[in-house]
Amino acid sequence: MNIYSLSRKDLENYFESIGEKKFKALQVYDWLYKKKVASFDEMTNIKKDIIQKLKEEFTMDKPEIIKVQNGKDVHKYLFNLKDGEKIEAVLMNHDYGNSLCVSTEVGCNMGCAFCESGRLKKRRNLSACEMVTQILLVEENLKMKISHVVLMGIGEPFDNYENVMKFIDIINDDNGIAIGARHITVSTCGIVPKIREFASEKRQVNLAISLHAPNDELRSKLMKINKVYPIKEVIKAVKDYLKINNRKVTFEYIMLKDVNDKEKHAIELSNLLKGLNCYVNLIPYNETSHIEFKKTDNKNIMKFYDLLKKNKINVTVRREFGSEVEAACGQLRSNYEEEK
Ligand code: SAH
């Protein structure tokens with residue numbers, strides 16, 4: 001078992017199970033996440049015999065960084081996991097802080113037509129430690145503190161629900177990495193039962209829905225998942241989420257040239273979202289060499305933006321990061337595999 005997969009509660013339970021006081025969990029958390037030691041032997045306020053037990057029970061392994069691409073305000077990482085699988089994370093420097101986009105799975109089964117990650121079918125879930133250590137490794141590499149985490153890397157977070165929630169518990173812990181819940185965003189392609197389960201947990205974590213189209217006909221062409229959970233069901237689940245969580249929901253909308261970026265789409269989208277406590281995040285599409293979709297030009301993105309505004313929909317345009325560093329989800333990994 002990797003110790004970075006344990007919430008503080010798990011660690012308390014472990015210490016109690018071996019007849020030790022549970023505050024030891026706090027001490028260990030402090031060594032792992034505040035002092036950031038690399039071995040159990042460095043935890044000098046913990047008795048030798050307990051250190052020995054920890055060593056027998058747990059590892060402190062981290063993945064290995066095998067490639068870093070640095071751009072303006074963006075750093076992209078490729079990691080090699082213990083079993084040789086590769087995943088990515090992207091650090092973005094915003095004026096409000098440093099945000100890390102983490103991966104949640106090796107590959108992805110959602111099969112969205114525009115997405116590079118999905119070209120590799122899902123091979124497995126990431127464990128909580130494989131998500132936590134993305135943060136630790138990037139912080140160490142850049143000597144900076146990560147203030148925001150978005151679960152928008154490779155994978156569908158709600159297809160790896162349990163490990164993702166464990167990951168959130170770990171990084172949100174005040175005695176650990178201490179990233180505030182309001183600074184964490186989970187993004188889903190719209191797995192309705194999991195949206196409902198997530199709602200019932202009443203976390204302060206932000207929810208983002210990858211919508212990308214205002215009607216079922218178009219959305220089903222872009223996102224396979226829409227055939228299972230059509231727009232009406234997604235919106236109903238979001239409405240129910242909003243009844244019990246007082247947090248604005250984000251709808252992500254990738255702007256694809258001549259596909260979903262026309263005036264009629266903006267109007268349809270406005271009608272769909274009218275009255276919901278939400279905002280739309282328009283995402284300039286990151287083109288990739290493997291997929292034929294093109295990016296809407298900025299002038300037309302702004303036209304779309306203005307139309308939503310006029311229709312009283314809260315809307316933002318995502319700042320473009322890293323088109324120079326292969327920043328499309330999954331692009332670094334798939335290009336790396338081709339170069340080999
Ligand atoms: N599976 C989750 C989270 C990972 S994808 C989800 O679907 O939300 C994170 C976001 O990046 C999604 O909105 C996804 O649609 C978007 N995305 C995928 N490929 C992209 C690309 N080439 N350019 C811009 N955004 C992309």
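The structure displayed is predicted, hence computed values, not measured ones.
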S.K.: Is it true that Glu140 and Lys36 make a salt bridge, defined as a side-chain N closer than 4.0 Å to a carboxylate O?
M.R.: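 Salt bridge flag = no for Lys36 with Glu140.
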S.K.: Does Gln134 reach the main-chain N or O of Glu130 with its side chain, forming a donor-acceptor pair under 3.5 Å?
M.R.: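 Judged by distance alone, yes, a pair lies under 3.5 Å.
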S.K.: Give a yes or no on whether the backbone of Val106 and the side-chain of Arg124 come within a donor-acceptor separation of less than 3.5 Å.
M.R.: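 Here the side-chain-to-backbone pair does not exist.
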S.K.: Between Lys145 and Glu139, is a salt bridge (charged side-chain N to carboxylate O under 4.0 Å, His left out) present by the stated rule, with each step listed?
M.R.: CA-CA 6 Å; Lys145 175 89 186 102; Glu139 283 194 336; 3.6 Å; yes
S.K.: Is a salt bridge present between Lys257 and Asp261, judged by a nitrogen-to-oxygen distance below 4.0 Å?
M.R.: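 No, this pair does not count.
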S.K.: With salt bridge (charged side-chain N to carboxylate O under 4.0 Å, His left out) as the test, would you mind laying out the steps for Glu263 and Lys303 before giving the verdict?
M.R.: CA-CA 8 Å; Glu263 181 177 338; Lys303 258 194 200 160; over 6 Å; no
S.K.: Taking Asn245 for the side chain and Tyr241 for the main chain, is one N or O donor matched with an acceptor at less than 3.5 Å?
M.R.: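 Looks like yes, one N/O pair under 3.5 Å.
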S.K.: State, without any angle test, whether Glu197 and Ser200 hold a side-chain donor-acceptor pair at a distance under 3.5 Å.
M.R.: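 The answer is no; no qualifying pair exists.
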S.K.: What closest approach, in Å, do Lys53 and Ile18 show between heavy atoms, and which atom pair accounts for it?
M.R.: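 Result for this residue pair: CD-CD1, 3.9 Å.
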S.K.: Could you check Glu268 against Lys264 for salt bridge (charged side-chain N to carboxylate O under 4.0 Å, His left out), going step by step and ending with a plain yes or no?
M.R.: CA-CA 6 Å; Glu268 214 177 351; Lys264 64 172 187 201; over 6 Å; no
S.K.: Answer yes if the ring centres of His212 and Phe251 are under 6.0 angstrom apart, and no otherwise.
M.R.: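 Centroid separation for His212 and Phe251: 6.0 Å or greater.
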S.K.: Counting neighbours of NZ on Lys48 that are heavy atoms of other residues, nucleotides or ligands and sit closer than 6.0 Å, is the number greater than 12?
M.R.: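 Incorrect, the count does not exceed 12.
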S.K.: Check this for me, if you would: do Glu105 and Arg123 make a salt bridge, where the nitrogen-to-carboxylate-oxygen distance has to be below 4.0 angstrom?
M.R.: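 Between Arg123 and Glu105 there is no salt bridge, as every charged N stays at least 4.0 Å from the carboxylate O atoms.
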S.K.: Going by atom types alone, do Tyr33 and Asn175 pair a side-chain donor with an acceptor below 3.5 Å?
M.R.: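 Distance-only check fails for Tyr33 and Asn175.
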S.K.: Going through the checks in order, is the side-chain contact (heavy atoms from CB on, under 4.5 Å) test met by Val280 and Tyr305?
M.R.: CA-CA 9 Å; Val280 173; Tyr305 172 96; over 6 Å; no
S.K.: Quick one: SG on Cys108 to CZ on Arg119, what's the gap to the nearest 0.5 Å?
M.R.: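 Answer rounded to 0.5 Å: 13.5 Å.
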S.K.: Carefully, step by step, assess Glu287 and Lys294 under the rule side-chain contact (heavy atoms from CB on, under 4.5 Å).
M.R.: CA-CA 6 Å; Glu287 293 177 8; Lys294 293 283 170 239; 3.6 Å; yes
S.K.: Could you pull out the closest heavy-atom pair between Val228 and Glu233, with the gap in Å?
M.R.: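 Minimum heavy-atom contact is O-OE1, 4.4 Å.
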S.K.: If only atom types and distance count, is the side chain of Asn125 paired as donor or acceptor with the main-chain N or O of Ser127 below 3.5 Å?
M.R.: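 Not a single qualifying donor-acceptor pair exists.
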S.K.: If you compare all heavy atoms of Lys166 against all heavy atoms of Ala128, which two are closest, and at what distance to 0.1 Å?
M.R.: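 So the two residues come closest at CG-CB, 3.8 Å.
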S.K.: About how many Å separate CZ of Arg247 and NZ of Lys202, when rounded to the nearest 0.5 Å?
M.R.: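 That separation rounds to 14.5 Å.
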S.K.: If we ignore hydrogens and angles and just use 3.5 Å, is the side chain of Asn206 paired with the main-chain N or O of Ile184 as donor and acceptor?
M.R.: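 At least one qualifying donor-acceptor pair exists.
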S.K.: Check this for me, if you would: do Asp240 and Lys243 make a salt bridge, where the nitrogen-to-carboxylate-oxygen distance has to be below 4.0 angstrom?
M.R.: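 Yes, this pair counts.
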S.K.: Would you find a donor on one side and an acceptor on the other, under 3.5 Å apart, between the side chain of Ser103 and the backbone of Ile154?
M.R.: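 Checked: pair present.
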S.K.: I want to know whether Phe58 and Phe40 have ring centres closer than 6.0 Å.
M.R.: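 They do not qualify: ring centres at least 6.0 Å apart.
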S.K.: Would the distance check show the side chain of Ser220 and the main-chain N or O of Glu217 forming a donor-acceptor pair, the cut-off being under 3.5 Å?
M.R.: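 Flag not set: sc Ser220 to bb Glu217 has no pair under 3.5 Å.
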S.K.: For residues Leu218 and Val259, report the shortest heavy-atom separation together with the two atoms involved.
M.R.: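 Looking at all heavy atoms of both residues, the shortest contact is CD2-O, 3.5 Å.
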S.K.: So, taking the atom named CG in Asn2 and the one named OG1 in Thr59, what distance separates them when rounded to the nearest 0.5 Å?
M.R.: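 Asn2 atom CG to Thr59 atom OG1 measures 4.0 Å (nearest 0.5 Å).
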S.K.: Where is the tightest heavy-atom contact between Ala181 and Asn172, given as atom of each residue plus distance?
M.R.: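 Result for this residue pair: N-ND2, 3.2 Å.
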S.K.: Please confirm whether the backbone N or O of Ser7 pairs with a side-chain atom of Asp10, one donor and one acceptor, at under 3.5 Å?
M.R.: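 It does hold such a pair.
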S.K.: Tell me whether the centres of the aromatic rings in Tyr96 and His148 are closer together than 6.0 Å.
M.R.: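 That pair passes the under 6.0 Å test.
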S.K.: Would you say the side chains of Thr188 and Glu156 form a donor-acceptor pair under 3.5 Å?
M.R.: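 Side-chain D/A pair, Thr188 to Glu156: present.
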S.K.: Is there a path of hydrophobic side-chain contacts, each under 4.5 Å between heavy atoms, that joins Ile231 and Leu282?
M.R.: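 Yes.
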S.K.: Walk me through whether Met60 and Tyr4 qualify under side-chain contact (heavy atoms from CB on, under 4.5 Å).
M.R.: CA-CA 7 Å; Met60 283 179 70; Tyr4 296 111; 3.6 Å; yes
S.K.: Judged by modelled atom types alone, do Thr316 and Asn281 share a side-chain donor-acceptor pair under 3.5 Å?
M.R.: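 Result is yes, a qualifying pair exists.
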S.K.: Would the distance check show the side chain of Tyr161 and the main-chain N or O of Phe198 forming a donor-acceptor pair, the cut-off being under 3.5 Å?
M.R.: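 Yes; at least one donor-acceptor contact below 3.5 Å.
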S.K.: Where do Arg319 and Asp73 land on the salt bridge (charged side-chain N to carboxylate O under 4.0 Å, His left out) test, with the steps shown first?
M.R.: CA-CA 11 Å; Arg319 188 179 143 198; Asp73 294 334; 2.8 Å; yes
S.K.: Under 6.0 Å from the six-membered ring centre of Phe15 and within 45° of its axis: does the NZ or CZ of Lys22 meet both?
M.R.: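 No; the conditions do not both hold, so Lys22 does not lie above the ring face of Phe15.
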S.K.: Linking I/L/V/M/F/W/Y whenever any side-chain heavy atoms sit under 4.5 Å apart, do Tyr279 and Leu273 land together?
M.R.: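 As far as the 4.5 Å side-chain criterion goes, Leu273 and Tyr279 are not connected within one cluster.
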S.K.: Working to the nearest 0.5 angstrom, can you tell me the gap between Cys278 SG and Lys239 NZ?
M.R.: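 Nearest 0.5 Å value for the SG-NZ distance: 10.5 Å.
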S.K.: Distance only, no hydrogens: is a donor on one side chain within 3.5 Å (strictly under) of an acceptor on the other, for His75 and Asn70?
M.R.: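 There is such a pair between these side chains.
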S.K.: Of all heavy-atom pairs between Gly190 and Val234, which one has the smallest distance, and what is that distance?
M.R.: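 For Gly190 versus Val234, the nearest heavy atoms are O-CG2, 4.0 Å.
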S.K.: With side-chain contact (heavy atoms from CB on, under 4.5 Å) as the test, would you mind laying out the steps for Ile146 and Ile179 before giving the verdict?
M.R.: CA-CA 8 Å; Ile146 288 165; Ile179 295 175; 4.3 Å; yes
S.K.: So how far is it from Ile283 CD1 to Met152 CE, rounded to the nearest 0.5 Å?
M.R.: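 If we round to the nearest 0.5 Å, Ile283:CD1 and Met152:CE are 7.0 Å apart.
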S.K.: If you measure from CG on Leu126 to CG on Asn163, what distance do you get to the nearest 0.5 Å?
M.R.: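 Interatomic distance, Leu126 CG to Asn163 CG, rounded to 0.5 Å: 8.5 Å.
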S.K.: Please identify which of these residues, Val132, Leu32, Leu11, Val28, meets the side-chain contact (heavy atoms from CB on, under 4.5 Å) condition with Leu6.
M.R.: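 So, applying the side-chain contact (heavy atoms from CB on, under 4.5 Å) to Leu6 and each of Val132, Leu32, Leu11, Val28, only Leu11 qualifies.
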S.K.: Tell me if the NZ atom of Lys34 is crowded by more than 12 foreign heavy atoms within 6.0 Å.
M.R.: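 Above 12, so yes.
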S.K.: Is there a donor-acceptor pair under 3.5 Å between the side chain of Lys122 and the backbone N or O of Asp159?
M.R.: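 Side chain of Lys122 to backbone of Asp159: a pair is present.
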S.K.: Run the salt-bridge test on Lys76 and Glu88 with the 4.0 Å N-O cut-off and return the result as yes or no.
M.R.: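 A salt bridge links Lys76 with Glu88.
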